[in-house]
Amino acid sequence: MQPTAHAFPENARAALADARLRKALGTMKSGFQGNRAAAIARMPEWEELREEGRRIKDHVLAHLDVYLERFEARVVANGGHVHWARTAAEAREAVLAICRQAGARSVTKGKSMVTEEIGLTPFLEQHGLQTVETDLGEYIIQLRREPPSHIIAPAVHLTRDQVAESFRRAHGGLDPGRPLEEARDLTDEARAVLRRKFLEADVGITGANFLVAETGSTVIVTNEGNGDLTQSLPRVHVVVASLEKVVPTLEDVSTILRLLARSATGQEFTSYTTFSTGPRRPGDPDGPEEFHVVLVDNGRSALLGTESQEVLRCIRCSACINHCPIYAAVGGHAYGWIVPGPIGAALTPGLLGLEEARHLPNASTFCGRCEAVCPMKIPLPKIMRHWREKEHAAALSPTSYRYGLGAWAWLARRPSLYRTGAALAARLLGRLGRDRGRLVRLPFADGWTDWRDLPAPEGKTFFQLYAEGRRPNSPGDVR
Amino acid sequence: MTDAASGRGTRPRVGLFVTCLVDLFRPTVGFAAIALLERSGCTVAVPEVQTCCGQPAYNSGDRADAADLARRVIEAFEPYDYVVAPSGSCAGMIRLHYPELLADDPDWGERARRLAARTYELVSFLVDVRGMTRVDGARLAATVTYHDSCSGLRELGVKEQPRTLLHSVEGLILKELPDAEICCGFGGTFCVKYPEISNRMVADKAAAAASTGAELLLAGDMGCLLNIAGKMKRDGMAVEVRHVAEVLAGMTDGPAIGEGR
Ligand code: SF4
């Protein structure tokens with residue numbers, strides 16, 4: 001995917017004008033928020049659990065090399081292979097090489113944001129491999145050739161009619177008059193189509209929610225069960241995962257799993273939690289003949305030891321996204337990269353650079369809801385502010401904005417001048433808005449007055465009145 | 001709360017941090033704050049050298065200017081037992097962000113921490129520190145709804161305190177606002193950087209307020225109030241908008257925010 005984060009303002013404007021998107025996002029918000037709140041209300045030890053989750057990940061990040069090497073050693077001991085990829089290109093090549101080696105012609109894929117990040121599916125298709133997404137949401141956006149707009153519900157930007165349209169177009173051989181109004185009809189049809197693909201596939205590719213250092217296992221959680229079929233039916237299973245997914249023990253997995261499902265969908269546990277530990281052993285009833293793990297760095301290790309290191313604690317639960325009023329207004333595509341919402345705004349500048357992504361950390365009111373709901377206690381506003389500091393230092397923000405800010409700070413250092421300025425402004429604005437009590441148009445402030453009136457000041461400033469001796473109990477009103 | 005305990009018997013001296021927006025747009029709120037603080041048994045002073053808490057610079061990535069303004073505020077307010085602001089946003093800036101902003105400076109860092117510990121948003125100060133449970137003599141025959149401003153709510157835990165006091169206002173009926181804890185879209189410079197997104201957010205807020213049937217919307221931060229009032233007036237909605245302190249202090253004779261006289 002080509003990033004369009006640099007065009008966030010334009011993307012956002014287009015998104016706001018899209019009535020269908022608005023409809024789709026409207027339904028999404030209430031569901032996720034309500035379910036999460038209910039699940040957490042049932043769990044008195046929530047705060048301790050968050051603290052524990054944070055501790056686990058901070059420990060891992062401080063010893064990332066140790067745990068990754070331990071993980072690698074266990075995978076190899078179990079008969080699997082580990083491929084280290086510094087960049088997206090290396091990761092793609094590694095997967096392609098595995099597929100070629102296996103003589104593969106067809107590949108199935110489970111939902112994985114890191115494979116979206118490295119652009120794996122289009123790459124494999126270009127190299128002649130039929131590649132099919134098996135998660136329903138991913139399957140839908142693959143049909144539509146769109147990037148995901150959400151990390152756990154990739155097609156959340158679409159209404160049901162849009163999905164039905166896509167199915168009618170893609171599934172040509174079926175009865176054109178068939179009903180596709182209900183969610184059930186759509187799932188059934190996708191299942192039927194996908195079942196064939198599962199059976200044909202030579203290689204199954206999944207992501208991982210966890211890499212377990214003590215056992216060399218990889219873990220995925222899904223609600224559709226497609227991940228299980230993707231990884232157990234084909235001859236070869238390839239896990240593509242980013243470095244920071246590693247945790248020390250199975251015990252740690254269980255701690256974080258308790259945080260993950262509740263934060264994501266409000267479930268106590270996702271429907272399927274699947275552990276893969278190496279290829280099939282003699283006597284195993286099923287499982288792949290080959291087991292590969294591609295460990296993707298793609299910019300993450302460079303974040304270690306920086307002010308944004310804490311983004312690497314993220315478990316991609318999407319709670320911050322689901323509670324973000326900016327995301328709710330513009331949806332995921334506006335962010336122009338794989339991970340949208342607050343975590344995207346905190347992470348993307350670190351992976352793509354500030355030149356590309358500088359708008360994203362500015363797309364926040366710092367309302368703080370993201371940090372409040374984040375199960376891993378990631379200080380998302382603080383990290384976004386940190387990127388703004390970098391942006392300011394590199395003078396990437398518009399000159400007019402920086403000058404305005406500088407002039408205001410200069411004035412704020414001079415209280416008596418500041419007072420005079422405020423009094424003048426109050427008088428001027430007060431005059432302009434005297435009759436209605438508000439201004440409908442104000443030069444240099446169209447950003448405000450294009451959409452709202454500006455309430456007029458009451459008259460004199462507080463400091464003028466106070467200097468004149470006005471006190472709350474003195475007779476007369478304060479004007 | 002050792003400060004509170006020691007303060008209650010004497011007459012603690014409060015330095016009022018007026019805030020830029022109250023100074024410029026809504027002096028009534030400043031006087032309402034003085035009235036309420038005095039009624040709670042405090043002596044109120046308004047340090048003359050105050051201007052802005054520095055939040056616009058801080059949130060725009062301009063740490064140097066923000067730190068400079070922070071040091072000035074600390075100096076101006078150090079003589080008082082408490083710093084109180086009729087704004088969760090400015091109080092949150094001093095209480096949470098000053099210590100972080102000046103952390104690398106051993107002297108100023110310590111001074112920032114000491115001031116931060118004595119800094120409060122107005123209504124939570126009245127209830128949590130001064131032990132107010134009601135406001136005597138305030139009356140307002142109106143159905144009102146209350147928006148929880150983000151910084152007050154999430155940085156300072158302001159949630160029940162305004163409701164507690166509002167319940168004691170004679171004639172006032174409080175109707176909870178749906179999605180009261182969702183941001184109104186003001187966000188300081190955000191509302192001019194991303195006016196269209198901000199507009200979408202405040203439109204949702206205005207619609208939620210209208211849906212309650214309340215005649216009056218209250219909140220504790222002028223930023224949110226100007227934003228919400230501006231939107232309601234533009235769209236011709238009848239709901240009036242005021243700062244919660246005006247109602248608690250019984251200062252509702254003048255026009256509401258954005259209303260003509
Ligand atoms: S930042 Fe926190 S809330 Fe957001 S996806 Fe990551 S873990 Fe979940």
Side-chain angles (χ1 to χ4, degrees), chain A residues 9 12-13 16 325-326 329-330 362-369 371-372 385 387-393 397 401 405-406 408-409 411-413 415 418 422 425-426 435-438 440 445 447-448 450-458 460-463 465-466 470-473 477-479, chain B residues 18 22-28 30-32 34-35 46 48-52 54 56-63 65 68-69 72 150-151 154-155 182-183 185-187 190-202 226-227 229-231 233-234 249 253-255 257-261:
Chain A
R13 232 168 282 143
L16 285 163
I326 316 288
V330 302
N362 283 292
S364 165
T365 61
F366 286 161
C367 80
R369 258 187 132 203
E371 181 175 0
R385 191 182 293 110
W387 289 119
R388 295 185 191 184
E389 283 164 9
K390 291 246 152 148
E391 180 195 24
H392 182 81
S397 45
Y401 183 77
L405 195 68
W408 162 85
L411 196 61
R413 275 189 211 110
Y418 183 91
D435 302 328
R436 301 171 178 244
R438 54 189 189 265
V440 290
W448 185 284
D450 278 353
W451 306 100
R452 341 156 235 228
D453 293 348
L454 181 67
E458 288 183 296
K460 292 184 176 172
T461 66
F462 175 88
F463 280 99
L465 295 167
Y466 195 78
R470 188 72 55 91
R471 295 295 178 270
N473 297 323
D477 69 20
V478 293
R479 256 157 290 119
Chain B
V18 176
V22 166
D23 179 41
L24 179 59
F25 284 95
R26 202 72 181 164
T28 300
F31 291 105
I34 297 178
V46 187
E48 263 194 37
V49 292
Q50 60 177 300
T51 59
C52 171
Y58 183 58
N59 284 347
S60 299
D62 179 359
R63 253 182 119 84
D65 276 330
D68 190 38
L69 290 170
R72 285 161 196 273
C150 300
S151 309
R154 278 179 278 269
E155 294 189 334
I182 295 182
C183 180
F186 175 66
F190 174 84
C191 67
V192 286
K193 268 192 219 158
Y194 291 114
E196 296 89 353
I197 304 178
S198 175
N199 174 57
R200 161 59 49 217
M201 292 163 72
V202 72
L226 292 170
N227 187 33
K231 186 62 187 173
K233 296 307 125 190
R234 172 65 55 93
D253 293 340
I257 298 169
E259 294 296 331
R261 37 194 86 148

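These numbers come from the heavy atoms of this one structure, side chains and all, not from hydrogens, waters or symmetry mates. As the structure is a computational prediction, the values presented were derived from the model and not from experiment. To find a chain, count down the sequence lines: A is the first, B the second, and so on, and within it residues start at 1.
Residues A:R452 and B:N227 come closest through the heavy atom pair NH1-OD1, 2.8 Å. In terms of heavy atoms, B:I182 sits closest to A:P325 at CG2-CB, 4.2 Å. Taking all atoms of both residues into account, the shortest heavy-atom contact from B:I197 to A:A329 is CG2-CB, 4.1 Å. The minimum heavy-atom distance linking B:N59 with A:R388 is given by the pair O-NH1, 2.7 Å. Considering all non-hydrogen atoms of both residues, B:R234 and A:D450 come closest at NH1-O, 3.4 Å. Taking all atoms of both residues into account, the shortest heavy-atom contact from A:F462 to B:V18 is CE2-CG2, 3.6 Å.
Counting only heavy atoms from C-beta outward, the side chains of A:L465 and B:F31 approach each other to under 4.5 Å. Under the 4.5 Å side-chain criterion, counting only non-hydrogen atoms from C-beta, A:W408 is in contact with B:P56. When side chains are defined from C-beta on, A:F463 counts as touching B:V46, because their heavy atoms get closer than 4.5 Å. Counting heavy atoms from C-beta outward, A:I326 and B:M201 have side chains that approach closer than 4.5 Å. Side-chain contact between B:V202 and A:W451 is absent, with no heavy-atom pair separated by less than 4.5 Å. B:D23 is not listed as a side-chain neighbour of A:Y466, based on a closest heavy-atom distance of 4.5 Å or more. The side-chain heavy atoms of A:S364 and B:F190, taken from C-beta on, include no pair separated by under 4.5 Å. Within the 4.5 Å cutoff, no side-chain heavy atoms of B:Y194 are placed close to those of A:V330.
At a 4.5 Å heavy-atom cutoff, the contact between A:A363 and chain B is made by backbone and side-chain atoms alike. With a 4.5 Å cut-off on non-hydrogen atoms, A:W387 does not touch chain B at all. Residue B:V49 touches chain A through both its backbone and its side chain, counting heavy-atom pairs closer than 4.5 Å. Contacts of A:A425 with chain B are made by both backbone and side-chain atoms, with heavy-atom separations under 4.5 Å. Heavy atoms of B:E155 lying under 4.5 Å from chain A are absent altogether. Interface residue B:R26: backbone and side-chain heavy atoms are both found under 4.5 Å from chain A.
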Going through the distances and angles, do B:F25 and A:L454 end up as a side chain to side chain contact (heavy atoms under 4.5 Å, CB included)?
-> CA-CA 10 Å; B:F25 284 95; A:L454 181 67; 4.3 Å; yes
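Heavy-atom pairs under 4.5 Å with chain A were tallied for B:C150, B:G54, B:G230; the largest tally goes to B:G230. No other option in B:A57, B:S60, B:C183 has as many heavy-atom pairs under 4.5 Å with chain A as B:S60. Ranked by heavy-atom pairs shorter than 4.5 Å toward chain A, the options B:A229, B:A249, B:C52 are led by B:C52.
In this view, B:S151 satisfies the side chain to side chain donor-acceptor pair (under 3.5 Å) rule with no residue, not counting sequence neighbours. By the salt bridge (Lys or Arg N to Asp or Glu O under 4.0 Å) test, B:E259 pairs with B:K233, sequence neighbours left out.
Around atom CZ of A:R436, no more than 12 heavy atoms belonging to other residues, nucleotides or ligands sit under 6.0 Å away.
A donor-acceptor pair under 3.5 Å is formed between the side chain of A:E458 and the backbone N or O of B:T28. Of the possible polar contacts, one joining the B:R154 side chain to the A:C367 backbone as a donor-acceptor pair under 3.5 Å is found. Judged by distance alone, with hydrogens and angles left aside, the side-chain atoms of A:R13 form no donor-acceptor pair with the main-chain N or O of B:E196 at under 3.5 Å. In terms of modelled atom types and a separation under 3.5 Å, the side chain of B:T51 and the main chain of A:A412 share a donor-acceptor contact.
Between A:L405 atom CG and B:D65 atom CG the span is 6.5 Å, to the nearest 0.5 Å.
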